[in-house]
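Reviewing the structure listed below.
Numbers here are sequence positions counted from 1. The figures here come from the full heavy-atom set of this structure, side chains too, leaving out hydrogens, waters and symmetry mates.
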Amino acid sequence: MLVALSARGAGTGDAARAPRLVALRALGLGDLLTAVPALRALARAFPRHSRALAAPAPLAPLARLAGWPVVPVGELQPLPPALHGVDLLANLHGCGPQSHRLVLDARPERTIWYEHPDIGESAGSPRWVEREHEVERWCRLLRDHGIHADPRDLDLPAPPGRPPAAARGATVIHPGATSGARRWPLERFAAVARAEAAAGRRVVVTGSRAELPLARRLAARARLPDRAVLAGTTDLEGLARVVAAAARVVCGDTGVAHLATALATPSVVLFGPTSPAQWGPPHARARNRVLWSGRTGDPHARRPHPGLLQISPQDVLRELEQLPA
């Protein structure tokens with residue numbers, strides 16, 4: 001759901017309008033899903049406020065599942081005039097200064113944000129903590145502002161609509177990632193897919209339209225039928241339907257990993273340069289398992305991180321055997 005908000009004071013006047021709440025989180029899929037507990041906490045704390053999430057338009061169907069309509073905004077792009085002058089603006093995007101300046105330009109009456117030394121208006125706000133889990137980071141921000149926020153409140157309902165028949169009860173293999181550093185070798189994903197198929201499990205391969213050639217190569221190496229390739233056939237809402245219908249997911253440190261956590265689908269997630277202590281599923285969720293060598297590095301590098309390469313197909317298959325049915 002995309003929404004268009006009228007400018008402050010338009011229509012019937014300030015006295016008649018509901019107070020307005022905006023959250024800024026103009027990032028990717030995983031970023032949205034890790035902010036769900038904080039977004040829900042804001043909605044509970046301010047039930048009389050109309051609310052809008054400043055985020056990329058493709059995220060709107062999933063944001064709606066968390067109770068937030070989206071006003072489309074690109075990463076670190078100025079907020080549209082409809083989001084200026086609101087009663088409360090929560091910066092869930094970062095610690096500043098760039099995102100803080102966007103908030104200041106929008107002239108909200110009240111702000112929730114982290115302190116940054118370059119932004120004098122933020123003095124006295126909570127301090128940013130490096131290496132904090134992303135879910136806890138935004139819940140702590142709200143708690144320090146007197147708002148109860150539970151980092152366990154991550155679950156989303158499955159999106160409405162029918163998933164592809166091939167996805168029901170399947171093992172989802174998602175080989176893509178936003179950078180080479182987080183991309184496990186294709187032949188290793190194919191080895192896992194072959195083993196899953198040999199065990200009698202249906203296997204499907206997901207990805208974006210740009211990742212379709214990658215998905216087709218994986219399917220060919222794993223000797224999967226053409227109908228197993230779902231890459232390029234779904235938008236984000238459709239991908240969520242696939243993950244919700246699946247029996248298990250194998251993927252790298254990507255947004256799909258966060259989808260599996262949010263939709264209660266068992267998963268095995270392969271971490272490379274980034275610690276799962278910051279971006280992994282919560283420890284209490286035994287159905288979402290993590291493989292990590294303990295080594296960190298540049299998450300934006302072009303080649304697979306050496307720690308990621310320490311993970312073998314046999315490691316993944318052992319973790320899959322430990323997943324709940």
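Without hydrogens or angle criteria, D144 side chain to P126 main chain gives no donor-acceptor distance under 3.5 Å. With H133 contributing its side chain and G280 its backbone, the two residues share a donor-acceptor pair below 3.5 Å. When atom types are taken as modelled, the side chain of T254 and the backbone of V256 share a donor-acceptor pair closer than 3.5 angstrom. R137 places a side-chain N or O within donor-acceptor distance of the main-chain N or O of V129, the cut-off being under 3.5 Å. When atom types are taken as modelled, the side chain of R183 and the backbone of A177 share a donor-acceptor pair closer than 3.5 angstrom. Of the possible donor and acceptor atoms, none in the side chain of Q322 sits under 3.5 Å from a partner among the backbone N and O of E319.
Residues forming a side chain to side chain donor-acceptor pair (under 3.5 Å) with E237 (at least two apart in sequence, or on another chain): none. Scanning for ring pair (Phe, Tyr, Trp, His ring centres under 6.0 Å) contacts around H100 gives W113, with sequence neighbours left out. Considering only residues two or more places apart in sequence or on other chains, H116 meets the ring pair (Phe, Tyr, Trp, His ring centres under 6.0 Å) condition with none of them.
A salt bridge does not link R202 to E196: none of the charged side-chain nitrogens sits closer than 4.0 Å to a carboxylate oxygen. Classification of R101 and D105 as a salt-bridged pair fails, no side-chain N sitting under 4.0 Å from a carboxylate O. For R44 and D153, the salt-bridge test passes: some basic side-chain N is under 4.0 Å from an acidic carboxylate O. Using a 4.0 Å cut-off between charged side-chain N and carboxylate O, R25 and E134 make a salt bridge.
Judged by the 6.0 Å distance and 45° axis criteria, R143 is not positioned over the aromatic ring of W138.
In summary, the side chains of Q310 and R295 do present a donor paired with an acceptor at a separation below 3.5 Å, with no hydrogens or angles considered.
Within 6.0 Å of atom CG in D118, more than 12 heavy atoms from other residues, nucleotides or ligands are found, so the atom counts as buried in its surroundings. Summarising the local packing, CZ of R152 is surrounded by 12 or fewer heavy atoms from other residues, nucleotides or ligands at distances under 6.0 Å.
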Worksheet entry | Test log, rule side chain to side chain donor-acceptor pair (under 3.5 Å), inputs T296 and R131 | CA-CA 12 Å; T296 59; R131 298 184 178 87; over 6 Å; no

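A ring-centre distance under 6.0 Å is not found for W184 and F271.
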